[in-house]
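Notes for the one structure printed next.
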There are 2 protein chains.
Amino acid sequence: MSPVSSSRAERKGARQRGISDATVARLPAYHRALTGFLDRGVTTVSSEELATAAGVNSAKLRKDLSQLGSYGTRGVGYDVDYLIYQIARELGLTQDWPVVIVGIGNLGHALANYGGFASRGFRIAALVDANPGLAGETVNGLEVQPIGALERIVADDGVCIGVVATPAAAAQGVCDRLVAAGVTSVLNFAPVPLQVPPGVDVRKVDLASELQILAFHEQRKQTATPQPKGLAG
Amino acid sequence: MSPVSSSRAERKGARQRGISDATVARLPAYHRALTGFLDRGVTTVSSEELATAAGVNSAKLRKDLSQLGSYGTRGVGYDVDYLIYQIARELGLTQDWPVVIVGIGNLGHALANYGGFASRGFRIAALVDANPGLAGETVNGLEVQPIGALERIVADDGVCIGVVATPAAAAQGVCDRLVAAGVTSVLNFAPVPLQVPPGVDVRKVDLASELQILAFHEQRKQTATPQPKGLAG
DNA sequence: CCGACTTTGTGCAGGTGTTCACAAGCGTCT
DNA sequence: AGACGCTTGTGAACACCTGCACAAAGTCGG
């Protein structure tokens with residue numbers, strides 16, 4: 001799939017231990033499902049159980065996991081602890097990833113307060129906003145910093161992942177500054193395609209697009225189902 | 001691809017005027033890029049210009065648009081106004097889509113205040129939260145309603161799109177109530193795969209997963225690029 | 001009216017992702 | 001030890017998506 005990656009460091013065929021993009025995109029779901037089993041005290045799962053919990057086909061799950069290595073036991077299944085560790089290692093969750101969020105509007109606030117990041121190795125290093133009126137405000141224990149501090153923050157904390165939650169008009173400029181400062185991965189919530197140099201990854205999350213895609217299917221359902229009553233011609 | 005759709009009303013081959021999922025997922029980007037051209041007074045665009053603005057390949061753009069019909073003029077390009085209308089009609093943006101948001105936490109707040117919805121035909125019909133302490137609070141001019149009002153809201157306003165922004169533990173229950181009340185499209189922000197009956201569409205947006213995917217590639221870059229200095233063996 | 005130029009729409013080849021079906025392998029029970 | 005049942009890992013077929021390259025079809029200038 002890779003619906004958003006606009007630029008990649010490695011060429012397709014030259015990936016060191018080829019894990020396909022589609023598989024990588026599903027690993028977080030497997031990891032999350034596995035932690036669910038762990039919390040319930042389950043020590044072993046079959047591909048069928050794990051696939052159901054993750055919402056995928058069991059054959060696809062096995063093929064995905066086989067790309068990481070042969071971590072299962074035939075006739076038994078997968079050891080929950082061990083598989084969690086392997087996926088976490090593959091995803092880099094065993095490292096500490098400092099993240100800077102730029103644009104502390106409604107969405108930036110929500111992201112700053114979102115607990116799902118911290119629990120997976122992502123540490124919010126700083127919040128940055130261009131509006132000087134926001135500078136000094138504290139969100140989730142972090143003080144909002146002026147945009148001028150961006151370069152210093154990235155350098156001092158070794159930030160390599162940036163989150164762009166600015167209005168569309170400001171997104172490309174912020175992205176350029178992030179990249180210039182040394183960020184090599186960008187998560188973009190602004191509804192514009194960001195231009196980045198080779199070697200920098202961009203993933204895009206577009207809330208309005210998601211609703212529009214749902215609306216498309218919804219419309220199809222409505223026009224395709226005029227059967228509730230008469231008027232059948 | 002179809003990374004999120006878990007259940008679809010129509011079977012693959014039986015779509016009435018087959019527009020592929022991959023194409024549908026890109027139509028919102030085209031629509032947005034076109035409105036940008038419109039705002040700047042551009043009346044005609046070539047596939048190359050539009051593709052660049054939308055961040056895709058021009059051949060892919062032409063192939064996508066050809067699925068809607070032959071709306072271009074060879075030697076000239078596409079009429080901006082006309083193409084905007086055609087895409088909007090195809091996506092159902094010419095209709096009014098009432099949406100209910102369940103779960104008014106950080107993310108729910110941000111969604112309720114997000115301007116990108118209203119400008120594309122999506123009207124937030126109601127905000128709902130299970131926490132009675134929130135009921136009565138006003139967000140973006142809308143009063144938060146108790147979860148008990150869900151069924152009545154869906155029925156009265158003809159809501160067919162629901163947004164789940166609850167904690168993971170509550171998501172499936174909320175989804176079940178939405179579907180039972182008549183909602184047939186769900187946008188899920190909770191980090192669990194929702195189970196829905198046939199005919200109901202689900203799209204999932206998982207913020208933590210996106211960061212994890214970026215971390216994977218980031219880790220690959222770091223381990224694959226030990227070339228800054230010596231130690232070349 | 002004709003020829004040159006521009007741009008769309010598409011046939012085709014290559015690649016990626018998905019699914020089925022089954023052999024290989026592991027544990028267990030007798 | 002050997003047979004049996006269960007589950008993984010994977011070969012192969014299929015479907016889908018992407019991108020190239022070009023014919024078809026329009027505009028514009030003379």
Side-chain angles (χ1 to χ4, degrees), chain A residues 1-8 10-15 18-27 29-30 34 37 42-80 82-83 86, chain B residues 1-8 10-15 18-27 29-30 34 42-80 82-83 86 213:
Chain A
M1 168 218 323
S2 182
V4 287
S5 238
S6 71
S7 166
R8 290 287 299 285
E10 317 104 46
R11 285 274 22 94
K12 298 178 184 178
R15 234 175 275 145
I19 299 182
S20 79
D21 286 346
T23 295
V24 173
R26 285 187 291 267
L27 288 182
Y30 302 156
L34 282 166
F37 282 111
V42 178
T43 59
T44 302
V45 287
S46 69
S47 63
E48 194 65 42
E49 294 167 311
L50 182 53
T52 301
V56 302
N57 183 300
S58 70
K60 182 154 46 178
L61 174 93
R62 288 197 299 275
K63 199 145 242 180
D64 284 343
L65 294 185
S66 74
Q67 292 186 46
L68 308 185
S70 285
Y71 296 144
T73 306
R74 299 179 187 222
V76 178
Y78 299 89
D79 182 84
V80 173
Y82 187 54
L83 192 52
Q86 292 297 342
Chain B
M1 172 216 320
S2 181
V4 285
S5 236
S6 72
S7 168
R8 288 286 299 285
E10 316 104 47
R11 284 275 21 96
K12 298 179 185 178
R15 236 174 275 146
I19 298 184
S20 79
D21 285 347
T23 295
V24 172
R26 284 187 292 266
L27 288 182
Y30 302 156
L34 282 166
V42 178
T43 59
T44 302
V45 287
S46 68
S47 64
E48 193 65 42
E49 294 168 310
L50 183 54
T52 302
V56 301
N57 183 299
S58 69
K60 183 157 40 179
L61 173 89
R62 288 197 299 275
K63 202 150 241 178
D64 284 343
L65 293 185
S66 74
Q67 291 186 48
L68 308 185
S70 285
Y71 295 144
T73 305
R74 299 179 187 220
V76 179
Y78 299 89
D79 182 84
V80 173
Y82 187 54
L83 192 52
Q86 291 297 343
I213 295 167

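Below, chains carry the letters A, B, ... as their sequence lines are ordered, and counting in each starts from 1. Values reported hereafter were calculated over all heavy atoms of this structure, with side chains retained and with hydrogens, waters and symmetry mates removed.
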Starting at atom [atom1] of [X], determine the distance to atom [atom2] of [N], rounded to an integer number of angstrom.
{"X": "A/Asp64", "N": "C/dT16", "atom1": "CG", "atom2": "P", "result": "16 Å"}
{"X": "B/Leu50", "N": "C/dG9", "atom1": "CG", "atom2": "P", "result": "12 Å"}
{"X": "B/Gln67", "N": "C/dG9", "atom1": "CD", "atom2": "C1'", "result": "12 Å"}
{"X": "A/Leu61", "N": "C/dT19", "atom1": "CG", "atom2": "C1'", "result": "14 Å"}
{"X": "A/Arg62", "N": "D/dG9", "atom1": "CZ", "atom2": "P", "result": "9 Å"}
{"X": "A/Tyr30", "N": "D/dT8", "atom1": "OH", "atom2": "P", "result": "13 Å"}
{"X": "B/Asp79", "N": "D/dG26", "atom1": "CG", "atom2": "P", "result": "16 Å"}
{"X": "A/Lys60", "N": "D/dT8", "atom1": "NZ", "atom2": "P", "result": "17 Å"}

Taking only N and O in the side chain of [X], is any of them less than 4.0 Å away from OP1 or OP2 of [N]?
{"X": "B/Ser47", "N": "C/dT8", "answer": "yes"}
{"X": "B/Arg74", "N": "D/dC28", "answer": "no"}
{"X": "B/Asn57", "N": "D/dC20", "answer": "yes"}

Review point. What are the two closest non-hydrogen atoms of A/Ala54 and A/Ala29, and how far apart are they?
Key: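 Closest heavy-atom pair between A/Ala54 and A/Ala29: CB-O, 4.2 Å.
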
**Study point:** B/Arg62 versus B/Ser47, closest heavy-atom pair with distance
**Key:**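 Closest pair (atom of B/Arg62, atom of B/Ser47, distance): NH1-OG, 2.9 Å.
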
Review point. Nearest nucleotide by nearest heavy atom, which residue falls closer to the 5' end of DNA chain D, A/Lys63 or A/Tyr78?
Key: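 Nearer the 5' end of the strand: A/Tyr78.
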
**Study point:** Along DNA chain D (nearest heavy atom to each residue), the more 5'-positioned of A/Ala59 and A/Gly75
**Key:**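 Its nearest nucleotide lies further toward 5', so the answer is A/Gly75.
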
Exercise for review: Take A/Tyr30 and A/Leu61 through the side-chain contact (heavy atoms from CB on, under 4.5 Å) test and state the conclusion after the steps.
Suggested key: CA-CA 8 Å; A/Tyr30 302 156; A/Leu61 174 93; 3.4 Å; yes

Check your understanding: With a 4.0 Å cut-off on heavy atoms, is A/Thr23 in touch with a base, just the backbone sugar-phosphate, or nothing at all?
Key ->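 If one applies the 4.0 Å heavy-atom cut-off, A/Thr23 turns out to touch nothing in the nucleic acid.
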
Exercise for review: Could you give me the CA-CA distance, side-chain angles and deciding distance for A/Leu50 and A/Leu83, then say whether side-chain contact (heavy atoms from CB on, under 4.5 Å) is met?
Suggested key: CA-CA 11 Å; A/Leu50 182 53; A/Leu83 192 52; 4.1 Å; yes

Exercise for review: Tell me, with the steps shown, if A/Leu68 and A/Leu27 meet side-chain contact (heavy atoms from CB on, under 4.5 Å).
Suggested key: CA-CA 10 Å; A/Leu68 308 185; A/Leu27 288 182; 4.2 Å; yes

